[in-house]
Amino acid sequence: MSTEDYKQVILDHATNSKKTKLYFSDLKKAVQKQYPDAKTRMVKQAATELINDGTMIYYSTGSTTMYGLKGRGITEDQ
Amino acid sequence: MAFEPKEEQKTINYEEARIYSQEELSNYTEEELKNYKIKHDVPDLDDLEKGPWPSFVTDAKREDLHRKKLNDERLLISKNCVEDLLGQLQLSFDHGETHWKHGGIVGVFGYGGGVIGRYSDVQEDFPGVASFHTLRVNQAASKFYDTNYLRTLCDMWEYRGSGLLNMHGSTGDIILLGTTTEQLEPVFHEMTHELQQDLGGSGSNLRTPSCCIGKARCEWSCIDTQDMCYELTQFYQDELHRPMFPYKFKFKFDGCPNGCVASIARSDMSFIGTWKDNIKIDQDKVKAYINGEAQPNAGSHNGRDWGKFDIQKEVIDRCPTGCMSLENGELKIDNENCNRCMHCINVMPQALRPGDDKGVTILFGAKAPILEGAQMSVMTIPFMKAEPPYDNIKDVIENVWDWWMEEGKNRERLGELIQRKTLQEFLKVVGVPAAPQMVTAPRANPYIFWKEEDVPGGFERDVEDYRSRHKR
Ligand code: SF4
Ligand code: SF4
């Protein structure tokens, strides 16, 4: 399994989930459902790559941070 | 140990970096300030100025007057932001509710923390604070700065932000209070490229680590708190800036059990400098204290009528574990029972000193009172060496993080997870045996919970066999 596979699962999950903002652990669970051996750090790496290429964005309340797909839900400056 | 920066350090020269002239910086008189009124009516805030302590309201009004007197092109965000901030605060007092919308999609590229989005929900009345985001800046270890740095920072923030800042927030960061979305990237650039200072943590990140003044100025420091803080901050950059945890996580470093950064109350993982061998005693100096030749607490309680120093009452009887005694004028300490509280050392600093075999005690799980009330950290690792590059400590940290990320629920702090899963489970993760000092309450619990592997034959039993000997 490569980071690319994990990225695909994360993207599918972020696109299809009812929620537009997801906790990191939600992304991890989604990946581990398909790839039970996926390590947290690898999932993190995949999520970070999606952030760095602009596909996903961070959403922060100050105390907690969530991940969202750019273009889904609130994704721009209010 | 000399400081070895991980990147080359620039010398900051305020005269070269400054934005404002001296005339611009002192552009109002105290007389003008006294008569100055902001445009909103703020009776409750005016009231706050009347107390015995300096008030942030006074500071804010001063800043507002100063901004009003600067030329428009000398400020990149609203000239009225401070005034509108006070106006909105008064409205919040009137309504008993905040008028900030919480959070949102603001940040600097690639960072999941460091910027807290703030938007006003009464923007028509207070346009100056329509968007007023906060930036957290990773403070220098022990908060040492020189004036070139501070002045450059203040000029930059006057120009690109509200000019208001907190030195420092409770986690330790410098808090830059209020700017617009457009200014976030430029401020970030100036901070990192000109001032060589990174943003701090916020959200579900490792929060900005912070340490006491340590070996730089304090003779009690048993560990190099600044070095540890710097090393772990640098080593865990990814955890600081790119969130992956269930919730926030804080490290704090106290050089000794005096706990000047209160790590035990304020961090998920508290590092407290300590020693393993015996307290060093200079018996001649003990006599000097007894005879009144040396001043207890280095004279800090002088000038009050507390009478002559009484070693029995003020030191021996105050030892929390009762492990001290005076025998024929000699001070004795039963070091096995000393819990390193520092009391006797603080009172008689010339006579007593920490031992030479130094390291850290590591405690886990403090937090503020949102769920279940406030919690102090629990002493878990009584002693560990703390020397660069701290690989032994990094191993502990990573084990704990792996467990918390695996088992923790969203928004569950480490301390809450330990409570939910039990300390016994946590000790398995850290790999240390249980000790009575870890039990806060009850200290007299007669129940023992056995682990299955500790019980011969396990928990399974043969009921038939049992019944053959015991009738129903
Ligand atoms: S915690 Fe201890 S070492 Fe650190 S500044 Fe305070 S007294 Fe000194
Ligand atoms: S450090 Fe505290 S516990 Fe230890 S001998 Fe001194 S007063 Fe007693």
Side-chain angles (χ1 to χ4, degrees), chain A residues 3 6-7 9-11 13-15 17-33 35-78, chain B residues 100-121 123 130-131 133-136 169 171 175 180-182 184 201-207 238-239 241-248 367-368 370 398 401-413:
Chain A
T3 320
Y6 294 172
K7 274 159 79 172
V9 181
I10 293 174
L11 273 182
H13 188 65
T15 315
S17 164
K18 268 187 245 130
K19 298 187 198 131
T20 64
K21 302 289 172 284
L22 300 154
Y23 286 106
F24 175 73
S25 66
D26 301 335
L27 306 180
K28 192 178 77 174
K29 264 185 227 141
V31 174
Q32 286 176 341
K33 209 165 145 200
Y35 305 108
D37 295 335
K39 292 267 174 302
T40 306
R41 276 173 205 277
M42 293 289 293
V43 181
K44 163 82 182 298
Q45 198 186 325
T48 303
E49 281 180 22
L50 288 167
I51 294 276
N52 288 345
D53 68 19
T55 319
M56 291 187 74
I57 45 162
Y58 289 123
Y59 178 91
S60 168
T61 63
S63 66
T64 341
T65 317
M66 304 179 87
Y67 290 72
L69 199 63
K70 192 166 172 67
R72 228 190 136 209
I74 306 170
T75 68
E76 296 303 329
D77 191 13
Q78 297 174 7
Chain B
W100 295 117
K101 292 191 262 181
H102 205 71
I105 313 291
V106 281
V108 294
F109 187 69
Y111 274 31
V115 181
I116 323 283
R118 287 286 179 268
Y119 298 91
S120 168
D121 67 7
Q123 310 195 349
S131 58
H133 314 310
T134 294
L135 287 110
R136 293 195 185 154
T171 296
I175 313 275
T180 57
T181 310
E182 302 78 73
L184 293 173
S202 68
S204 316
N205 286 3
L206 172 62
R207 298 301 182 84
D238 197 51
E239 285 74 6
H241 297 306
R242 284 169 281 279
M244 66 189 299
F245 293 148
Y247 206 14
K248 57 181 124 176
K367 62 175 197 75
I370 295 184
E398 285 163 31
W401 281 349
D402 284 347
W403 181 66
W404 181 45
M405 283 190 288
E406 212 45 62
E407 304 286 342
K409 297 182 185 168
N410 291 328
R411 299 177 65 86
E412 185 172 47
R413 289 287 284 273

Under 4.5 Å from any heavy atom of chain B, what part of A/F24 do you find: side chain, backbone, both or neither? side chain
Could you tell me which residues satisfy ring pair (Phe, Tyr, Trp, His ring centres under 6.0 Å) with B/H241, sequence neighbours excluded, listed by chain and number? B/Y111
Check whether B/D402 gets within reach of chain A through its side chain, its backbone, both or neither, counting any heavy atom under 4.5 Å. side chain
Honestly, the part of A/T48 sitting under 4.5 Å from a heavy atom of chain B is side chain
Heavy-atom side-chain contact between A/Q45 and B/R242 under 4.5 Å: no
Who passes side chain to side chain donor-acceptor pair (under 3.5 Å) against B/K367, sequence neighbours left out? B/E416
Flag for B/R118-B/T134: side-chain donor and acceptor within less than 3.5 Å: no
